[in-house]
2 protein chains.
Amino acid sequence: MEVIGGKWKSIILCHLRLKPMRTSELERAIPQISQKMLVQQLRELEAANIVDRHVYQEVPPRVDYRLTEYGHSLSGVLHDLCVWGEENIDLRREQGEEITLLHRDDL
Amino acid sequence: MEVIGGKWKSIILCHLRLKPMRTSELERAIPQISQKMLVQQLRELEAANIVDRHVYQEVPPRVDYRLTEYGHSLSGVLHDLCVWGEENIDLRREQGEEITLLHRDDL
DNA sequence: TGGTATACCCACTAAAAAGTAAGTATCAAT
DNA sequence: ATTGATACTTACTTTTTAGTGGGTATACCA
């Protein structure tokens, strides 16, 4: 939980699980996140060796982030959690709860 | 993540996954948690319909907590997360990191 | 020279989560 | 009347996490 906890990490990871993504792509994919939080969470995931920051030697600058091999070892858990979460949301929606979150449409 | 996030919920759930437990048992099983946090987290898990608070009509009072059926649907994910976490800890210990947490010995 | 594009970084503030220490309620047994 | 056991509450403080609004650096291109 220390590694994937917090408001944003699991969401970021769910995106990166599918393909490497650039900063700006992630920003678009997760519109609610601020630049600061995005960078900060990516740094922490990098420090935990879950994602790899890949810099292209180009101008204008280009960077993308991808799961490391170790990060991929989380993929299954993440997927299951995601599936559970979506069922969870469905259940709660059926019970009339209003849920407007970062799920489903983003993932 | 809203349901199982935070510092304590996943730990509590990992215990309850195995068997119903009383307040005092949980306190002993998770020595670092304060009474306040334990009760507070249990209340939140109850509100999310993940755990069920079972009161015995006895004196002195007796209460235990157990996963609801819905809570059990998390059991698999929780287990996988736990396994990943332990591998994670092993890896980091091999690399000389000092980790003193609530894991392994408690679970 | 100024504009564009990308990927940041920094200082500050606000909000949420967690921690601490003490108190409450019940009722039986002594 | 006091103690003991259990399961909480409450008030308060500290720490952590998240959000806001700005700024920086590089280098091409007109």
- First contact, last contact: which nucleotides of DNA chain C are these for chain A, 5' to 3', heavy-atom distance under 4.0 Å? C:dT6 to C:dA11
- Bend across the helix from C:dT1-D:dA30 to C:dT30-D:dA1, to 10°, with axes taken over 5 pairs at each end?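 Here the local axes at opposite ends form an angle of 30°.
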Strictly by ring pair (Phe, Tyr, Trp, His ring centres under 6.0 Å), give each pair with a member in [range] just once, sequence neighbours left out.
range                     : answer
residues 17-49 of chain A : none
residues 30-52 of chain A : none
residues 25-46 of chain B : none
residues 20-41 of chain B : none

- Task: Taking all non-hydrogen atoms of both residues into account, name the closest pair between A:Ser10 and B:Met1 and its distance.
- Result: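 Shortest heavy-atom separation between A:Ser10 and B:Met1 comes out as OG-CG, 3.3 Å.
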- Item | Members of residues 37-62 of chain A that approach DNA chain D, where some heavy atom sits under 4.0 Å away |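 Correct list: A:Met37, A:Gln41, A:Val59.
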Just how far, in rounded Å, is [atom2] of [N] from [atom1] of [X]?
X       : N      : atom1 : atom2 : answer
A:Lys36 : D:dG19 : NZ    : P     : 9 Å
A:Met1  : D:dT16 : CE    : C1'   : 15 Å
B:Arg22 : D:dC8  : CZ    : C1'   : 13 Å
B:Ile33 : D:dC8  : CD1   : C1'   : 14 Å
B:Asp64 : D:dT6  : CG    : C1'   : 13 Å

Pairing residues for [X] by the side-chain contact (heavy atoms from CB on, under 4.5 Å) criterion, not counting sequence neighbours:
X       : answer
B:Ser75 : B:Arg17
A:Glu25 : A:Lys19, A:Met21, A:Arg22, A:Arg28
B:Val59 : none

- Message: Suppose we screen for side-chain hydrogen bond (donor to acceptor under 3.5 Å, both in side chains). Which residues come up paired with B:Gln57, at least two apart in sequence or across chains?
- Response: none
- Minimum-distance nucleotide (side-chain atoms of B:Gln35 versus D:dG22, D:dA7, D:dT10): D:dA7
- Task: Check every atom of D:dG22, D:dG19, D:dA7 against the side chain of A:Lys7 and return the nucleotide holding the closest atom.
- Result: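 Ranking D:dG22, D:dG19, D:dA7 by closest atom to the A:Lys7 side chain puts D:dG19 first.
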When the side chains of residues 63-72 of chain A are checked against the rest of the protein, which donor-acceptor pairs come out under 3.5 Å, sequence neighbours left out?
residue	atom	partner	partner atom	Å
A:Asp64	OD1	A:Arg66	NE	3.3
A:Asp64	OD1	A:Arg66	NH2	3.1
A:Asp64	OD2	A:Tyr56	OH	2.8
A:Asp64	OD2	A:Arg66	NH2	3.1
A:Tyr65	OH	A:Arg43	NH1	3.3
A:Tyr65	OH	A:Arg53	NE	3.3
A:Thr68	OG1	A:Asn49	O	2.7
A:Thr68	OG1	A:Ile50	O	3.2
A:Thr68	OG1	A:Tyr70	N	3.3
A:Thr68	OG1	A:Gly71	N	2.8
A:Tyr70	OH	B:Asn88	OD1	2.1

- Would you say B:Ile12 and B:Val51 make side-chain contact, with heavy atoms under 4.5 Å? no
- Sugar-phosphate, base or nothing in reach of B:Ser34, heavy atoms under 4.0 Å: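 Result for B:Ser34 = base.
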